[in-house]
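Below, chains carry the letters A, B, ... as their sequence lines are ordered, and counting in each starts from 1.
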Amino acid sequence: MSKSAFEVEVECECEACEKGKCDSADLVDVLSEREGLKEFYEEFKDSIHECRRLTYGQYLFVIDRDVLPEATLWWHNHPRFKETHMSTAVGTDERAIAGKFSYMPLINVQVEAENMDRNFWVLLKAYMPADDPSFPSVAAKLPAALWIEREVKDLLGFRPIGHPDPRRLILPEDWPEGVYPLRKDMDYRHSPMREPETEFREPPEGTTTVPMGPFHMGIEEPAHFRLFVKGEEIVDVDYRGFYSHRGIEKVGEGRLTYNQVLFLAERICGICGYQHSVSYAMAVERLADVDIPDRARYIRTLMLELERIHNHLLWVGIAAHMVGFDTGFMHAWRIREPVMWLVERLTGNRKQYGMNIVGGVRRDILDYRKEEILKVVKEIREGTKKFLDIALNTNTFIKRAEGVGILPYKIAKAYSVLGPTARASGRRIDARLDQATKTAMAYNEVDFKVPVYKEGDVLARVLVRMDELFESLWIVEQLIDQMPGGDIMVPIGKLPEYAEALGFTEAHRGEVLHYVMTGEKNKVYRWKVRAPTYNNLPAIPDMLRGYNVADAPLIIASIDPCYSCTERVQFVDVRTGRVRVLTEAEFNELSIKNRGVF
Amino acid sequence: MAESVSYTEKLKAWNRKEVEKIGEKAPVTTPYPFIDIEKPPEYRGIPHINPEKCVGCGACVNACPPDALIMEWDKEHGVKRLTYNAARCIRCARCIEVCPTGAMEPTTRFEIATNSKEDLVEVVEHRLAYCEECGEYLDFTERQIEYVKNILPKEIFDMYALEDRMKLTQDAKMRVTVEKLRELEGVEYPAYLLAKRGDE
Amino acid sequence: MYESLALKIAGIIVMVLLPPYLDGIARRVKARIQYRRGPPLAQTWYDLRKLFAIPTVLPTKSWMFKAAPYLALASALAAALLLPYGGHVPVNFGYNIIVFFYVVAMVSVFVMLGGFSVQNAFSHLGSAREMTLLLTVEPILAVVYGVFAYNSGSLNLYHIMTHLHLSASLLFAYIILGYALYVESGFVPFDVAEAEQEVIGGPLAEYSGRLLGVFYYAIYIKRFALLWFFVSMVTYPIVGPVHGLAKSVGLFALQLLLTFALYPIIAALEATNARLRIDHIVRTNVKIFFIGLGILAMAFMGW
Amino acid sequence: MALILEYAIIAFIIGGLMGFLREYRATTKASSFLAFIGSILVLIQVYDAYSKGGVSGSVLGLPVHIDGLSNVFLFIVGIVALGSALFSMSYMDHHEKRGKAWVYAVAYNTFIASMALVVTVNNLEWFVFSWELMTLSSFVLIFWKEEKKDLDASFKYYVTMHFFDTIPLFLLLALGSVLTGSIHNLSYSAIQQHLATASTAYKDAFYGLFLVVFMTKAGIVPLHYWLPDAHPAAPSNVSALLSGIMIKTAVYGLLRFDWSMAGPNVTLGYIVAGLGIATLTVGTLYALRETNSKRLLAYHSVGQMGYIWLGIGIGMALIPKGGTLAAIGALGLFAGLFHAINHAMFKGALFLEAGSVEYATGTVDLERLGGLGTKMKVTAVATLFASLAISGIPPFNGFISKWLIYVAGFRSGSYFLAFGAVMAAFISAATLASFIKFYTAQFGGEREDYRDVREVPAAMQIGEWILAGMTLFVGVFPFIFVSFLNRGTLAVSGLKAAVSSNVYKIGFQSISFLPLLFIILIGVLVFIGYASLKPRFDREVRPWDCGSTEIDAEGYRVSAGSYYLKYEEKIGHFYAFTDWAYSFGEAIVHYIVKVYVWIARYFVKIVDTPYEESEVESVDALHRCEVQYIDEETLRPLVRLLRIVRDVIGGIKLGTFVALTVVVVGAIVCLLVFL
């Protein structure tokens, strides 16, 4: 085939490529598949060691670590790819395979909004020698990298050179130096010994310190926002989180089989678990190169949308509660409840459906339940309309939400803010349509709009979510209508070893990203989870500054933060593989025994 | 199932709202701990091990993501112990899917609050098969062996030969094989076998 | 003589027992609006009983911290004792509308003093908010005193109640009075001082157990006193001078009835509003104050 | 007939002579003690005059007449001076490092004596003499500390007083002598007689000039700008005198000259009430955002002065109308006088308390204070009493007088005066807000900085408690002051306020308040509450900080500056406007100073002294000059003498020297006038 034809009609002409079977494709072919790749290659020719397509729409470049910032910023600031953002980065201890560490920013390149066949992922992998795991920091120029670089510094012992804020992020301050949990040779006996000492920013002159959290009425999960206020006005904010870091990534690596990890993935989050489950399953399916049946795709999409519906309702309830509008809270949750009941009937559980399996779904949607779904959808639509009518006519509620917590577009983009928070600030992104979700979900076969608002305040976030909710209802109706027949799963045999792929969905908070690298014997070598809150939270100080203490809970809630998603300490005993909690006596014993170590 | 309504019919008819007999404007809350909550028939509660069906194969243990199911061998007492801990269970029902005999039974129970943690643990003990040759316990349970015997197509396998060898430990099996060979061919024990035994 | 005593005692019983039940009614009404079942009517009493049974955790050595709840309770009760129950006032220590509002304000004063006595930014923020609230309500109330004084020719509470004559300014004054009382009671959307999601209970953040119970009780009684004041202001001008047992009892029943009728309305207002911010409240109240000055001018023009 | 007052004045003079004791502590203690004796004698004189219904006589040759009105103010002088004098005995140790005890001894006693004379003398000349003496001695006391900003404040004070007080007063002396035909016959009665028949132009000039004089002294808006600087500059015991007594003398003057002497005037009444409304609003709302405790109190002095003027204004406006309105007017006047007494008590107590905190911690900055409640219990309770009293919380005295002002305002039947009452009620809440801040910022919470702070010495505690205890006592038993005050109103207006009062009740017509019953009721209710719900305490814990680790306890509080920021923001226009007015006042002072300097230069040219022309442009330049008074040439011999004295008494600072000189100069000027 000719090269130009290849470019234009890539999906129909190259079935193999679509499935990501183009391992044999040569460099020129790979680079000409998507816009910008060649340009990038020309620009950084000298520093690129390897260039390969992982699977459909995911391109991996192995580059020198010295050009990491330039390469990342090249994509991020590309004039044509306006909504391109650095999603996250993955640090891996590849000493067992390559004898090196690797650090890899993941860039979501947006050539054209809502066109999943033109947009693609770029993975910029940089190897670092085992004795000197350092790389030039991107964070100084790109705030989106602030947290992830602190994370790899904490968990893997990488040194981001020139990072503006090199405090600890994930590990507690009393964690011993030189022990890096995500390294493969981590010794499990190391444990915190002292009362934690936390580093905080110095309060500005003449301010009151208001600790918002870890246990505060306005924050559902432990997180600590240190507000420096003058009177009621917030002058500055410091954040300390990761109180509920569970080490899930570590648990998933090595010990569990890929199907067991799936259930673990579902339990990352209490309310968007299915998104994680689908993302993980998608990543594994992509690297195993398996096509799942259409019916499974539809069922997955259906469940995802149902989850979005009840999550948006949940959120709007919380938002109402944060400003003392308890009636709004109660009604939002009352409207939400039928979805839970419905889901309970479809999957067997209100939450944590356990519906997925790598290669498909576990339960079929029986025909008579379709009516029920439609009934619930109708109920929800009416209920929500009525609710919105009331809530948006509650003067006091609008007063609290309007013009509060404004996040400008530029800051949203710089922090790679995702999901409804970004869309309320004018970012036109939605992972359902932006990237190739068609192998795991059926979004390419339904019709829906992505609401975008430009105001950037809390009210805009409410409206974005409510608009999305109605779109989701419409999607559900379409899915029921178009639901194809057939199998609901395909078996997956042995996974290829040391293959990498990304899986992603658009959760109700934004894009969920799972990176999976397989190991030997159907196990997972590296599993990286990035929940949307991870990108949204760093932007909160910018939203809070200049507003009141009274607004703080609402602003914090407005991004719909999920700390447990974000902070993925329990101790895992590697010999028995069992999670156990140390008793105090054991603890003391350990500390005496290991005194020499520290 | 004593009811006359069939299971499918029951599934179709189940509606929480009707069950609770709540009108359009009435409160949606229920005085929960004082009344019984109706679970939908599809509800995936904590599983339950049916000791009568369980053969102790351990398929569930392999599939269980959170280690709620644990298998222990107690060779001294000749017991294989399958422990299920509901406190650890995440109700994914993988064990039910993989169980070859249907011994893991789904329930709609969800309330596991209790005063003592022991209430949450189910233990099934299986007798291990006994090696007639050397007097040690095998890794397999007696039921496992029975089960295997039942499902193997009898027309292919020589059941008698199988039965002879099934209840032997690895070592005994080897010895028996060698003995059989020697009977057939009249040769001595191979040297390596002897050496290995001596080491132990 | 005996009937007066009986009514006074009835009044005292009402002021002591009723306020938590009124809160119970409010909770039921709110529950109904939210499609919930709601707790039993005596739930607030149960809550208080539970709080009374728990010892207080002390975050400071300050004596003010320990004394404030009792002083607040005494002030609230004193304010309630000053109001007429079926035409009879239990303890009359001030024939005066201003005295009543000052005594009511004392409850807030002691709440604030208690809140400020600990080293806690949330308490301080809440207390400062409470003060700001008081600061913006007081001028509105002052306008109402002015209208009533001019309309009835006195500042005596009972003289006002019995000598008001109907005029446009008086009706407006009633509306403003109702608003001011609602704000001073600290109902949603004016519950900024104790906003749980923002300042985790404000001045009461550090209180626990029995002292917290005493504070809550004082606040319920204060709300009751303000409501009862409004109810009396409505019923007395209608009924006119009270003579004889039958009329007294009837009036008392009318007061009770109106209280029970108004509390659900308050609850409904509470349920259908979000909490305002303190700057919203200041802005609104300053506006209402200027409107009030207009109403005062109307009153002096004889409208 | 020798008056007890004479002995009092003699006691003060001896107190001043105690300056000859060279040792600092001995000097301050002895002079304070004699001031204490003098204050007691003043109070005895008050009782004497009250029981005799007014006395006349002479004090050291000065004609004195103590009628009901004088008596009220003499009481204020006595009671505040008593508390302050006791307080000074220990408090002055705090300023030991500054030395100059003799200056303090002279000025302090002169100040009290002059104020006692101001309110009692019976002759305009002597009134002016005592008035100038009061101004000068207070000026000396204000810059006694000789810190840079204190000097600025004192100059501002002095220049303002000179321009708005001394000049109009001398004009009035001239006016009086023209009116009566002789400079030697300026007794009050004589002026009154002549004024009764004088033309309206005379009267208007009389009203206007006196109004300006007393507005300035009382710190009435827009001439209040000197007060918030001057009062905090002085030592706290002197601030108590300044706020407690000195500004009240302006009220006395207003009543004596603008009303009693010149006769009531409805227009003037409305003007006074209007000034009162403006003053109470501006003063208190400014106090709301102040974080220096003494400045805060000084602004409140302005605000509370507004209340007094409002009350007097109501009286002045309504009494001429006759009938019921006259009764209400008399009530307003009564309430104004009552508030003057009450203000003297609680403001005196509050300044003394601010002094105690300064003594114990060394600072008056509310932002830095905190946590003293558990350390200084006695002071804390005294402050709480005085704070509740000034906020008008029953059953303290402030409530009674404020309440009577509201009653008078609301019943006045005039929209303007009713508006005044509305503002007064509003400002009462603002006062409460301000004092909640004042009290809690100092005594609330816990602070590590002041862990070792101890309670102040007994003398200071007693000094505070004399005044703080009076706030409660007067609040519970207001009746004891009713007839006392009614003599005052009688002396001013010829009317008694129809305040019904007995042991447990105070009221006006059907509006009454039973403070005794109230306090008993509260006591009983607290007791019942306490007895039935006796507090049970669990362990002691740190304040709840949301479980965050290592929160900095010092920063975990709302600092005094940010209590009501939102409110202050919302009424920002008000502040912007009055700030503008304030800077306007400052500009006036600035230009007056320029004129003075110009005049000084002119004099200098005449007498040809070596001034550097370029240097003398402003007050600051004057500071820098070695020689800085304009009358030097005329007083050369005296200055020479003083210079010798200065050289002999080594180590005296320039400022002190100047002060002394100014006192002498002022005295000589007065003498010249008198001759």
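- The nearest pair of heavy atoms linking C:Trp63 to D:Val381 is CZ2-CG2, 3.7 Å.
- Contacts between D:Leu288 and chain C at a heavy-atom distance below 4.5 Å involve the side chain alone, from C-beta outward.
- Within the 6.0 Å centre-distance limit, the rings of C:Tyr102 and D:Phe399 are counted as a close aromatic pair.
- The closest donor-acceptor contact from the side chain of D:Glu540 to the backbone of C:Leu58 lies at 3.5 Å or more, if one exists at all.
- Residue D:Ala418 comes nearest to C:Phe300 through the heavy atom pair CB-CZ, 3.4 Å, listed as atom of the first residue, atom of the second, then distance.
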Steps toward side chain to side chain contact (heavy atoms under 4.5 Å, CB included) verdict (C:Thr132, D:Lys566)
CA-CA 8 Å; C:Thr132 312; D:Lys566 278 287 162 219; 5.7 Å; no

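- For chain C, no part of D:Ile520 is nearby; none of its heavy atoms comes within less than 4.5 Å.
- The shortest heavy-atom contact between C:Leu155 and D:Val407 is CD1-CA, 3.7 Å.
- Contact between D:Leu514 and C:Asn92 at its shortest, heavy atoms only, is CD2-O, 3.5 Å.
- Using a 4.5 Å cut-off on side-chain heavy atoms (C-beta onward), D:Phe410 and C:Tyr150 make no contact.
- Of the atoms belonging to D:Ser412, not a single heavy atom falls under 4.5 Å from chain C.
- Between D:Glu446 and C:Thr60 the shortest side-chain heavy-atom distance falls below 4.5 Å.
- For D:Tyr504, no part sits under 4.5 Å from any heavy atom of chain C, backbone or side chain.
- Top candidate by heavy-atom pairs under 4.5 Å with chain C, chosen from D:Leu517, D:Leu533, D:Thr440, D:Ile427, is D:Leu533.
- Summarising the geometry, atom NZ belonging to C:Lys61 is positioned 7.5 Å from atom NZ belonging to D:Lys375; distances are rounded to the nearest 0.5 Å.
- Residue C:Phe65: no heavy atom, backbone or side chain, is found under 4.5 Å from chain D.
- Contact count against chain D (heavy-atom pairs under 4.5 Å) is highest for C:Met106 among C:Glu138, C:Met106, C:Met64.
- Between C:Phe116 and D:Tyr563, the ring planes are parallel. Angles under 30° get that label, and only those over 60° would be called perpendicular.
- Of the two parts of C:Ile200, only the side chain, counted from C-beta on, holds a non-hydrogen atom closer than 4.5 Å to a non-hydrogen atom of chain D.
- Using a 4.5 Å cut-off between heavy atoms, D:Ser512 touches chain C through backbone and side chain atoms alike.
- Looking at C:Ala53, only its backbone comes within 4.5 Å of chain D, counting heavy atoms on both sides.
- Contact of C:Ala205 with chain D is not made at all, since no heavy-atom distance falls under 4.5 Å.
- Proximity to chain D involves both the backbone and the side chain of C:Leu125, based on heavy atoms less than 4.5 angstrom apart.
- Interface remark: of the candidates C:Gly115, C:Ser127, C:Ser117, C:Ser75, C:Ser117 forms the most heavy-atom pairs closer than 4.5 Å to chain D.
- Per-residue heavy-atom pair counts under 4.5 Å with chain D were compared for C:Val282, C:Thr136, C:Ile278, and the maximum is reached by C:Val282.
- The contact between C:Val57 and chain D is made by backbone and side chain atoms together, counting heavy-atom distances below 4.5 Å.
- Counting only distance, with no hydrogens or angles, the side chain of C:Arg210 and the backbone of D:Lys534 share a donor-acceptor pair below 3.5 Å.
- Listed here is the closest heavy atom pair of C:Phe122 and D:Cys546: CE1-SG, 3.7 Å.
- Only the backbone of D:Ser414 comes within less than 4.5 Å of a heavy atom in chain C; its side chain stays farther off.
- If you measure heavy-atom distances from C:Leu211 to chain D, the contacts under 4.5 Å come from the side chain alone.
- Among C:Ala74, C:Gly94, C:Ser123, C:Ala67, the residue making the largest number of heavy-atom pairs under 4.5 Å with chain D is C:Ala74.
- When side chains are defined from C-beta on, D:Leu525 does not count as touching C:Leu73, because their heavy atoms never get closer than 4.5 Å.
- Heavy atoms closer than 4.5 Å to chain D are found nowhere in C:Met301, neither backbone nor side chain.
- Although no hydrogens or angles enter the test, the distance criterion places no donor-acceptor pair under 3.5 Å between the side chain of C:Gln119 and the main chain of D:Pro543.
- With chain D as the partner, the residue from C:Ile98, C:Thr56, C:Leu82, C:Ile54 showing the most heavy-atom pairs under 4.5 Å is C:Thr56.
- Contact tally against chain C (heavy-atom pairs below 4.5 Å) for D:Gly371, D:Ala433, D:Ala441, D:Ala430: the top residue is D:Ala433.
- Heavy-atom pairs under 4.5 Å with chain D were tallied for C:Pro59, C:Ala121, C:Ala299; the largest tally goes to C:Ala121.
- Of the two parts of C:Tyr70, the backbone and the side chain both hold a non-hydrogen atom closer than 4.5 Å to a non-hydrogen atom of chain D.
- Proximity to chain D (any heavy atom under 4.5 Å) is restricted, for C:Val91, to the side chain, taken from C-beta onward.
- When every heavy atom of C:Asn120 is checked against every heavy atom of D:Trp544, the shortest pair comes out as ND2-O, 3.1 Å.
- Counting heavy atoms from C-beta outward, C:Ser154 and D:Ile511 have side chains that approach closer than 4.5 Å.
- With a 4.5 angstrom heavy-atom cutoff, C:Ile97 does not touch chain D via any of its atoms.
- Counting only heavy atoms from C-beta outward, the side chains of D:Phe537 and C:Lys66 approach each other to under 4.5 Å.
- Residue contact with chain C, scored on non-hydrogen atoms closer than 4.5 Å, involves the side chain of D:Leu384 exclusively.
- Only the side chain of D:Arg411 comes within contact range of chain C, judged by heavy atoms closer than 4.5 Å.
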